[in-house]
Amino acid sequence: MRTIKTIATAVIGMLLTAACTTDKGNKLTYHIEGTAEGLADGQQLQLANDEGEPFDTIVIKNGKFTYDGKADSVACYVINVMSDEFNSVNYFTEPGTIAITITATPGQSTVSGTIANDALQRLSEATNPYYEKIHEIEEIIYKDTVLSKDSEWALAERYMQVYSEINKKIAEAAKQNVDNELGFMLATKYIAPADSPQLVRELIDKMPENFRQRPIVAGIEAQLNAGEATEVGSKVGEFTINSPDGTPVNIRDEVAKNKITILDFWASWCGPCRNEMPFMRELYAEFQPKGLGIIGISLDDSAEAWKQAIKDLKITWTQVSDLLGWKAPIALAFQVNAIPFMAILDSEGTIIQKGLRGEELKEFIKKALD
């Protein structure tokens with residue numbers, strides 16, 4: 001389930017803990033020279049690896065701490081302040097001396113000293129203001145349990161706008177650092193091929209040859225090749241999926257009934273999807289007489305929950321589901337990794353746009369049906 005409350009945590013986790021493995025064999029080391037500001041002597045710091053597993057502790061002495069570790073592979077590790085679960089700093093296990101300052105205030109720690117760690121610090125400085133805005137939105141959601149639907153929608157839109165700005169900063173950092181471990185991590189672990197296929201291809205093409213030889217890159221290239229089948233301009237494949245009453249629905253036959261059709265990937269358990277349904281009802285009421293069709297493709301695995309949601313949300317357009325969750329063949333073909341997700345098809349089944357929501361979706365539909 002992906003909601004406003006959990007997406008930001010997932011985003012930060014993906015950015016800060018994704019591993020970047022290099023060729024092994026060279027028994028290199030890194031040395032941390034650390035400074036603790038506002039933290040008492042004797043306080044313990046916990047080191048965790050790229051999987052989030054603790055592996056050692058450091059004790060602050062005279063406002064300082066040091067550590068020596070192996071750097072025969074490069075990964076993004078974390079140092080946690082054990083007395084404050086929200087206070088941590090990340091660093092790359094890159095050969096050389098790494099300067100780390102941990103402050104008593106979460107989010108203000110710094111790292112520098114090697115190419116990837118310097119780049120990581122620059123990225124943190126560029127994105128921290130946006131993450132602070134996300135945290136503000138999360139606080140509103142957690143504290144206000146009686147938000148109106150309009151307020152929830154407004155917060156969702158605000159969140160997506162901030163998230164979009166973070167994505168821009170990430171893309172910029174990936175391009176600027178494609179020849180070092182930060183750029184490699186962003187290109188292979190953070191920027192989704194399904195969301196930004198052209199950017200990911202560009203980054204892979206510009207990587208040093210030794211980066212391109214890593215196994216993860218081959219997997220991403222295979223994913224990119226598979227995704228071309230559902231790029232804008234391609235025809236949707238042959239998919240026959242059951243309606244709530246068990247009637248098989250051929251997607252191509254269904255879209256042929258309309259001038260344009262929205263494929264709306266959603267699920268009963270998805271809060272943002274449910275919040276979007278009033279807007280989708282209005283969109284359908286306004287443009288269905290002009291030739292708009294909608295096919296709701298549920299990523300539920302419970303028939304009862306799916307059917308109840310259709311009833312509760314007053315959905316009147318075509319609904320289908322394989323009840324296979326994220327493993328639904330059509331969702332895999334479109335590389336859906338977050339919902340709601342929209343794809344727009346013409347009457348011949350050609351994909352004419354993807355990824356629009358809200359007012360952008362409405363404007364596109366309006367122009368397409370004029």
Side-chain angles (χ1 to χ4, degrees), residues 1-16 85-86 105-107 123-124 126-171 190-192 194-196 262-286 294 296-300 305-306 308-315 326 336-344 353-366:
M1 176 177 179
R2 306 188 184 201
T3 66
I4 298 175
K5 294 180 182 179
T6 60
I7 293 176
T9 301
V11 169
I12 297 170
M14 289 171 66
L15 172 60
L16 296 182
E85 63 178 323
F86 299 106
T105 304
L123 176 60
S124 296
T127 57
N128 277 346
Y130 298 99
Y131 284 122
E132 289 175 4
K133 292 179 182 178
I134 284 179
H135 294 155
E136 291 173 4
I137 296 171
E138 288 182 313
E139 285 189 7
I140 294 172
I141 294 169
Y142 280 115
K143 291 180 180 178
D144 193 337
T145 58
V146 291
L147 284 172
S148 67
K149 292 295 182 182
D150 287 344
S151 296
E152 288 182 357
W153 176 252
L155 284 171
E157 286 297 303
R158 182 180 168 196
Y159 170 81
M160 293 306 295
Q161 290 170 1
V162 177
Y163 185 32
S164 176
E165 292 302 317
I166 292 175
N167 277 339
K168 291 178 183 178
K169 297 296 183 182
I170 297 301
Y190 180 77
I191 303 173
D195 296 336
S196 305
I262 299 172
L263 301 186
D264 177 17
F265 292 85
W266 72 291
S268 66
W269 43 257
C270 169
C273 301
R274 298 180 73 103
N275 292 341
E276 192 130 333
M277 286 306 172
F279 172 82
M280 295 300 290
R281 288 200 304 268
E282 293 176 5
L283 190 74
Y284 189 61
E286 182 175 353
I294 303 178
I297 301 173
S298 169
L299 302 190
D300 278 281
W306 173 41
Q308 187 62 47
I310 294 172
K311 180 180 178 181
D312 293 344
L313 297 170
K314 300 179 175 62
I315 300 173
W326 294 100
V336 177
N337 56 21
I339 50 177
F341 174 80
M342 314 284 180
I344 307 171
Q353 188 55 274
K354 296 193 302 182
L356 300 182
R357 291 177 58 193
E359 290 302 316
E360 286 187 335
L361 176 64
K362 183 175 181 178
E363 285 302 310
F364 184 89
I365 296 300
K366 183 178 181 180

For Ile365 and Ile344: C-alpha separation, side-chain torsions, deciding distance, then whether side chain to side chain contact (heavy atoms under 4.5 Å, CB included) applies.
CA-CA 9 Å; Ile365 296 300; Ile344 307 171; 4.1 Å; yes
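- The OH atom of Tyr159 lies 8.0 Å from the CD1 atom of Ile137; values are rounded to the nearest 0.5 Å.
- A donor-acceptor pair is defined here as one N or O able to donate and one able to accept, closer than 3.5 Å; such a pair exists between the side chain of Arg274 and the backbone of Ser268.
- Here CG of Asn167 is found 7.0 Å from OG of Ser196. Values are rounded to the nearest 0.5 Å.
- Minimum heavy-atom separation, Ala192 to Asn337: CB-ND2, 3.6 Å.
- For Glu165, the salt bridge (Lys or Arg N to Asp or Glu O under 4.0 Å) test picks out Lys168, with sequence neighbours left out.
- Phe341 is not listed as a side-chain neighbour of Ile297, based on a closest heavy-atom distance of 4.5 Å or more.
- With values rounded to the nearest 0.5 angstrom, Lys362 atom NZ is found 7.0 Å from Glu282 atom CD.
- With contacts defined as side-chain heavy-atom distances shorter than 4.5 Å, the pair Ile339/Asp264 does not qualify.
- Take Lys366 and apply the salt bridge (Lys or Arg N to Asp or Glu O under 4.0 Å) test, not counting sequence neighbours, and it matches no residue.
- Separation of atoms CG (Leu283) and CG (Leu361) is listed at 5.5 Å; rounding is to 0.5 Å.
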Between Arg158 and Glu136, does the side chain to side chain contact (heavy atoms under 4.5 Å, CB included) criterion hold? Intermediate values first, please.
CA-CA 11 Å; Arg158 182 180 168 196; Glu136 291 173 4; 3.6 Å; yes
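- Listed by chain and residue number, Trp317 satisfy the ring-ring contact (aromatic ring centres under 6.0 Å, His included) test with Tyr284 (two or more places apart in sequence, or in another chain).
- Rounded to the nearest 0.5 Å, atoms CD1 (Ile166) and NZ (Lys169) are 11.0 Å apart.
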Would Met277 and Trp266 count as a side chain to side chain contact (heavy atoms under 4.5 Å, CB included) here? Give the steps.
CA-CA 10 Å; Met277 286 306 172; Trp266 72 291; 3.7 Å; yes
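- Side-chain atoms of Arg281 come within 3.5 Å of backbone N or O of Leu313 as a donor-acceptor pair.
- Looking at every heavy atom in both residues, Ala267 comes nearest to Ser298 through CA-OG, 4.2 Å.
- Expressed to the nearest 0.5 Å, how far CD of Glu138 lies from OH of Tyr131 amounts to 11.0 Å.
- Between Gly358 and Phe279, the shortest heavy-atom distance links the atoms O-CZ, 3.1 Å.
- Enclosure of atom CD in Glu360 is not indicated, since only 12 or fewer non-hydrogen atoms of other residues, nucleotides or ligands lie within 6.0 angstrom.
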Step by step, work out the side chain to side chain contact (heavy atoms under 4.5 Å, CB included) result for Trp306 and Leu299.
CA-CA 9 Å; Trp306 173 41; Leu299 302 190; over 6 Å; no
